[in-house]
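Worksheet: the structure to be examined is printed underneath.
Chain A is the first sequence line, chain B the second, and so forth, proteins listed ahead of strands; every chain is numbered from 1. Computed from a prediction, not measured in an experiment: that's the story for all the values here.
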2 protein chains.
Amino acid sequence: MSGIRKRSSGATLRDVASDAGVSFSAVSKALRNAYGVSDSMRLRVQASAERLGYRPHAAARGLRGKTFTLGVLVSDLHNSFFSEIFGGVSDTASMAGYQAMLGVGQVQPVVENAVIDAMIDRQMDGLLLVAPSMSPADLEIVAEEVPTVVIGVHLPHATSFDTVNNDDETGARLVVRHLQEQSISDIAFFTLAGLPEARGTTLEFRERGYRDEMQLLGLQQHIQVVGASMDSGEIRSAALRLLSGKRRPRAVFCWTDYAAFEVIGVAKELGLSLPEDLVVVGYDNTPYCALPQHSLTSIDQFGQLLGQQATRLLLERVAGRTSPEHFVVKPTLVTRDSTVIIKPSVSSNL
Amino acid sequence: MSGIRKRSSGATLRDVASDAGVSFSAVSKALRNAYGVSDSMRLRVQASAERLGYRPHAAARGLRGKTFTLGVLVSDLHNSFFSEIFGGVSDTASMAGYQAMLGVGQVQPVVENAVIDAMIDRQMDGLLLVAPSMSPADLEIVAEEVPTVVIGVHLPHATSFDTVNNDDETGARLVVRHLQEQSISDIAFFTLAGLPEARGTTLEFRERGYRDEMQLLGLQQHIQVVGASMDSGEIRSAALRLLSGKRRPRAVFCWTDYAAFEVIGVAKELGLSLPEDLVVVGYDNTPYCALPQHSLTSIDQFGQLLGQQATRLLLERVAGRTSPEHFVVKPTLVTRDSTVIIKPSVSSNL
DNA sequence: CACGTTATATACAACGTTTTCCAAACAAGC
DNA sequence: GCTTGTTTGGAAAACGTTGTATATAACGTG
């Protein structure tokens with residue numbers, strides 16, 4: 001019930017050693033289940049350690065061995081998709097005796113670098129970079145220094161780090177196909193603009209999937225791509241231009257849910273009714289999608305799974321693997337009212 | 001432009017020393033601007049350090065002195081209010097040469113304790129606990145061990161740590177008064193249920209403010225409090241009970257924005273129109289409130305400012321202050337369409 | 001019984017800092 | 001020129017681990 005550990009013990013290896021009547025290096029080995037320790041001693045040592053509330057001093061450890069800490073860099077806390085990823089990371093890490101610590105890069109390469117430096121300085125055993133905005137070259141530099149796994153950047157030929165992604169191209173295709181099945185062909189893609197440079201990013205792949213599938217279905221004349229930064233105001237004005245222009249599309253497929261919500265907002269302000277006049281689709285399937293006032297069709301990319309797999313790979317790298325692995329999960333379309341034209345009879349499914 | 005630091009230098013104090021032609025302890029002092037170093041030497045050392053790309057080894061530092069790391073514990077990443085706080089923390093910390101690292105407590109005291117332990121083990125110089133769900137007694141235990149500042153728990157008499165809060169009571173009063181000015185008197189309060197225990201929490205204060213102000217305005221017969229956990233399903237069923245029951249209120253004041261969004265959703269499903277049939281108010285003024293489909297009136301508690309002040313206090317504690325300080329910021333009501341009955345003429349204010 | 005061969009436990013040298021204590025150098029006061 | 005004091009730089013002892021090298025004991029084998 002209490003839960004909280006009796007602290008301020010400050011017991012060190014030496015204290016445990018003198019309590020158990022053995023040498024302090026014996027304690028070190030006994031507690032790490034190292035080779036060359038008799039069962040009787042291990043038991044005695046463990047008992048003493050337990051009683052004294054011994055906890056290894058991470059800084060001291062960091063000086064010689066591992067710190068059992070993983071650094072996770074996310075670009076933006078506001079995107080609740082990242083929270084989902086972190087959930088998977090945190091669980092998997094703690095089950096392996098590691099602790100995950102989060103840093104925030106604010107989508108600015110400068111800040112990202114500072115955070116990464118800080119993590120390396122603190123001797124973190126491995127780094128998990130979620131949707132970093134730095135260049136592949138810089139990623140290589142980081143990966144050279146410390147075991148690294150990257151989520152959200154498609155670099156299947158990277159050798160010095162692993163990548164974990166959802167198949168963004170397929171995700172985008174699913175959307176286009178779904179809309180076409182609803183007899184909607186005039187589909188625009190709303191992307192994120194103003195990023196440093198072409199980066200092998202998820203955005204590229206989503207856009208490519210969109211373009212390719214449009215082409216495949218013979219809808220190439222309807223291809224239309226607009227973009228805005230992450231700023232709410234910019235998203236709104238881009239959406240306004242798109243929806244009040246003369247080429248207003250029948251559907252808008254947004255690179256992330258939040259952008260979709262803004263688009264829906266602008267549409268409402270323009271007096272458009274959804275889904276009759278306009279259909280909107282998002283990406284990430286964040287919790288807000290399920291709210292009836294949005295009921296937003298979206299692509300689920302299984303953030304938790306992504307986090308788990310990435311952590312698994314990272315721990316493998318920390319353990320010594322050097323050959324690269326690239327994990328891709330198939331995304332799923334979650335259809336909701338925002339794109340289902342013919343509504344089902346009654347039902348207010350709570 | 002490049003930005004990324006030349007890594008893998010691995011330069012240590014000794015390397016810098018031999019490069020500059022001085023002893024390594026001289027380097028240590030020179031770089032920390034310690035007493036007893038001539039200007040000429042300081043300059044020479046700084047030049048060498050710069051050239052070799054020297055970075056202090058945090059683990060080694062942790063063994064003797066500070067780690068220049070602050071641990072931030074948040075209960076739940078999904079609440080984007082916390083992101084806002086962290087923004088303020090991060091900025092203030094890095095300006096003082098500190099790095100903030102985030103841990104997530106999942107609203108479970110067990111996990112919270114594990115994360116706190118991990119932070120203490122890693123010799124973090126101070127802890128910033130955001131809306132922790134642990135007991136005041138446990139907070140004291142933690143604070144005894146390491147400089148601590150708590151955000152989001154009202155304990156104005158705590159001596160071993162500082163607190164930073166918005167004035168939840170006033171916030172709630174603002175809401176009630178605002179609604180009454182709109183001639184709405186039948187106001188219910190929607191709170192968070194199923195927490196460990198009474199904790200001196202923000203919830204308590206919001207509820208108290210609500211009750212007191214209702215009383216003051218002579219609306220005591222309309223006082224009605226319902227609650228649900230953080231789970232979306234539970235919120236929805238509680239909202240359904242409230243809104244379809246015979247005592248359906250005219251307004252629902254929710255302890256946090258997300259709950260308000262769920263309530264709005266349920267209301268829509270029930271065919272209620274807002275704001276004519278029902279009025280909803282939230283707390284935190286998260287970015288989603290501004291979306292036209294919500295246009296949710298909410299209380300802004302200035303998360304960024306909260307984070308900045310908390311960090312300032314924490315750094316003071318790290319520097320040695322032991323007398324407690326308790327900072328309170330006045331919240332502000334941000335009115336939006338969800339509660340403004342008579343709509344302004346035209347305007348689609350983008 | 002000398003002689004490897006295993007087991008087991010200890011000693012001790014790192015690891016990269018911070019900090020205390022000392023020595024050297026130099027100036028000032030008599 | 002001798003104390004006294006005040007800078008300035010260096011030597012060395014922590015800090016709490018890990019990991020390697022070494023000592024000791026126990027145990028067959030030839």
Working to the nearest 0.5 Å, report the span between CZ of Arg61(A) and CD of Gln123(A).
-> 14.0 Å
Closest to the Arg61(B) side chain, choosing from dC15(C), dT18(D), dT18(C) = dT18(C)
Hey, are Arg32(A) and Ser28(A) close enough side-chain-wise for a donor-acceptor pair under 3.5 Å?
-> yes
Closest of dC15(D), dT18(C), dG19(D) to the Arg64(A) side chain is dG19(D)
Below 4.0 Å: OP1/OP2 of dT19(C) and any side-chain N or O of Arg32(B) | yes
With 3.5 Å as the limit, what N/O pairs link the protein to nucleotides 9-11 of chain C?
unit_1, atom_1, unit_2, atom_2, d
dA9(C), OP1, Ser38(A), OG, 3.0
dA9(C), OP2, Ser38(A), N, 2.9
dA9(C), OP2, Ser38(A), OG, 3.0
dT10(C), OP2, Ser23(A), N, 3.1
dT10(C), OP2, Ser23(A), OG, 3.2
dT10(C), O4, Lys29(A), NZ, 3.1
dA11(C), N7, Ser25(A), OG, 3.1

Value for CZ (Phe302(A)) from CD (Gln308(A)), rounded to nearest 0.5 Å, stands at 12.0 Å
Closest to the Tyr35(B) side chain: dT17(C), dT17(D), dT7(D)?
-> dT7(D)
Within less than 4.0 Å of OP1 or OP2 of dT17(C), is there a side-chain N or O belonging to Thr12(B)?
-> yes
Going by atom types only, do Glu112(A) and Ser133(A) share a side-chain donor-acceptor pair under 3.5 Å?
-> yes
Partners passing salt bridge (Lys or Arg N to Asp or Glu O under 4.0 Å) against Asp125(A) (at least two apart in sequence or in another chain) = none
Work out which heavy atom in Ala30(A) is nearest to a heavy atom in Arg42(A); give both atom names and the distance.
-> O-NH1, 3.7 Å
